[in-house]
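Let me begin by presenting the structure, written as structure tokens, before commenting on it.
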Amino acid sequence: MESKLTTISYEAIREMDANDPLKAFREKFYVPEGVLYFDGNSLGALPKGVEARLGEAVRQEWGNGLIRSWIGAGWYDMPRRLGDKIGRLVGAKPGQVVVADSTSVNLFKVLAAALKLQVGKSVILSEPDNFPTDLYMAQGLVELLGSAHELRLKWAEEIIDAIDTQTAVVMLTHVNYRTGWMHDMKAITKRAHEMGALVIWDLAHSAGAMPVELDDVEADFAIGCGYKYLNGGPGAPAFVYVAERHQARFSQPLAGWMGHAQPFSFEWKYEPAEGISRYLAGTQAVLSMTALECGVDVMLEADLQAMREKSLVMSDLFMRLVEEQCKGYDLKLVTPTEREQRGSQVCLSHPEGYAMMQALIARGVIGDFRAPDILRFGFTPLYVGYEDIWKAVGILAEILETRAWDNAAFKARAKVT
Ligand SMILES: *Cc1c(COP(=O)(O)O)cnc(C)c1O
């Protein structure tokens, strides 16, 4: 395992794993033999309890309980109960988070609500390399409103100075999905409020990866993803946070019956529920929420500060090993090296990045490729260890040296990357 090019020894890496305060969490996840997984930021690994819990939910709650389980098994209150649990991970007091729908749909709800509150202001401020679905949802809403609203895009470094009195809403993803750049949530929220703007934070790449303090920074709205760092399973429901002070001011436009004050009085007229429940639309995906709850429960046992520290040490180690072992192959580091400017991922760029990632995946190193040229490695502190990183960089160095990626089979683009 020793590499002559590396200034840190394999023994030292093993020592880091042995002293890892989070090491017991690895046992709580299923990661297949022979896989080094660096894609938990795209689809989190399977918590071991999920299979049994879903089996029970299917057989007992659905099979035997049938419709009685809406109350008997707590299905009806699940979006709020699970929302409060996620609230603990993102610094939100109870009653401000609800689990529902997808991140995209939740963005639509809060963006519509925020624009409605901002009479006389027309600009939605975001970044050109925000995750595309966020930008698409904003474009769709602007078109629907048929009004004078405008989606204005500025690069990350320019955002704070671009907030002005015309800004209705600042709509940003806390950690950029492609570069790993992390915004200063507190400073941007403060600046926005000084200018009379509201802020929507997309926490897709931060909830469950690091401590987030929504109440503390006085965030207005936030949304986030269930299937990434929260390990809720493919297509897991998302969540939405609305600060208590904004909840009663407007009811979001997807006014479904589950967001009604009294869904079971079957009134013809819509009347929004009190509080965060009005951000529900239709009936929620109970089985998917059941799986998500397992992921969130594991996360709640972990110390978020310790997770953040481990994630930073892992990404520091990865960058250092790449620097030492993969020199001279034109790989560029895209992620900021400053700790306070990055999330829990490291991105490298290379014109042949797609083929390189396919060659890595063929050797069991699973990261992902993000167009046009990014190799992305996510570091999930609960089930990735330092030795995994050591091995992965060794394999990357070998692929670069042997040009194993330079193979037609690795260059054909798949539908999902
Ligand atoms: C992953 C991700 C989403 C996903 O949206 P879905 O509606 O759940 O598919 C949205 N925004 C960001 C920033 C993401 O990273």
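In listed order, ligands and their atoms are each counted from 1. Positions are given from 1 along the sequence.
Ligand-side atoms of ligand 1 in range of A204: 2 (C), 12 (C), 13 (C), 14 (C), 15 (O), range being under 4.0 angstrom from any heavy atom. Applying the 4.0 Å criterion to heavy atoms of T173 picks out, from ligand 1, the atoms 13 (C).
Summary of contacts: the protein heavy atom closest to atom 5 (O) of ligand 1 is T103 CB, 3.4 Å. Nearest non-hydrogen protein atom to atom 7 (O) of ligand 1 is S104 OG, 2.5 Å. In terms of protein heavy-atom proximity, atom 15 (O) of ligand 1 is nearest to K228 NZ, 2.6 Å. Here the heavy atom of the protein found nearest to atom 9 (O) of ligand 1 is Y227 OH, 3.2 Å.
Neither the backbone nor the side chain of N130 comes within 4.0 Å of ligand 1, counting heavy atoms alone.
Taking the six-membered ring where the residue is Trp, W70 and W75 present perpendicular rings, their angle passing 60° and hence far from 30°. Ring orientation note: the planes of F221 and H246 are close to parallel, at an angle under 30° on the 30°/60° scale.
For R339 and D316, the salt-bridge test passes: some basic side-chain N is under 4.0 Å from an acidic carboxylate O.
Considering both main-chain and side-chain atoms, Y177 never comes within under 3.5 Å of ligand 1 through any nitrogen or oxygen pair.
More than 12 heavy atoms of other shown residues, nucleotides or ligands fall within 6.0 angstrom of atom CD in E213. Counting non-hydrogen atoms of other residues, nucleotides and ligands closer than 6.0 Å to CH2 of W62 gives a total of 12 or fewer.
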Would F266 and F264 count as a ring-ring contact (aromatic ring centres under 6.0 Å, His included) here? Give the steps. CA-CA 5 Å; F266 297 100; F264 291 90; 5.7 Å; yes
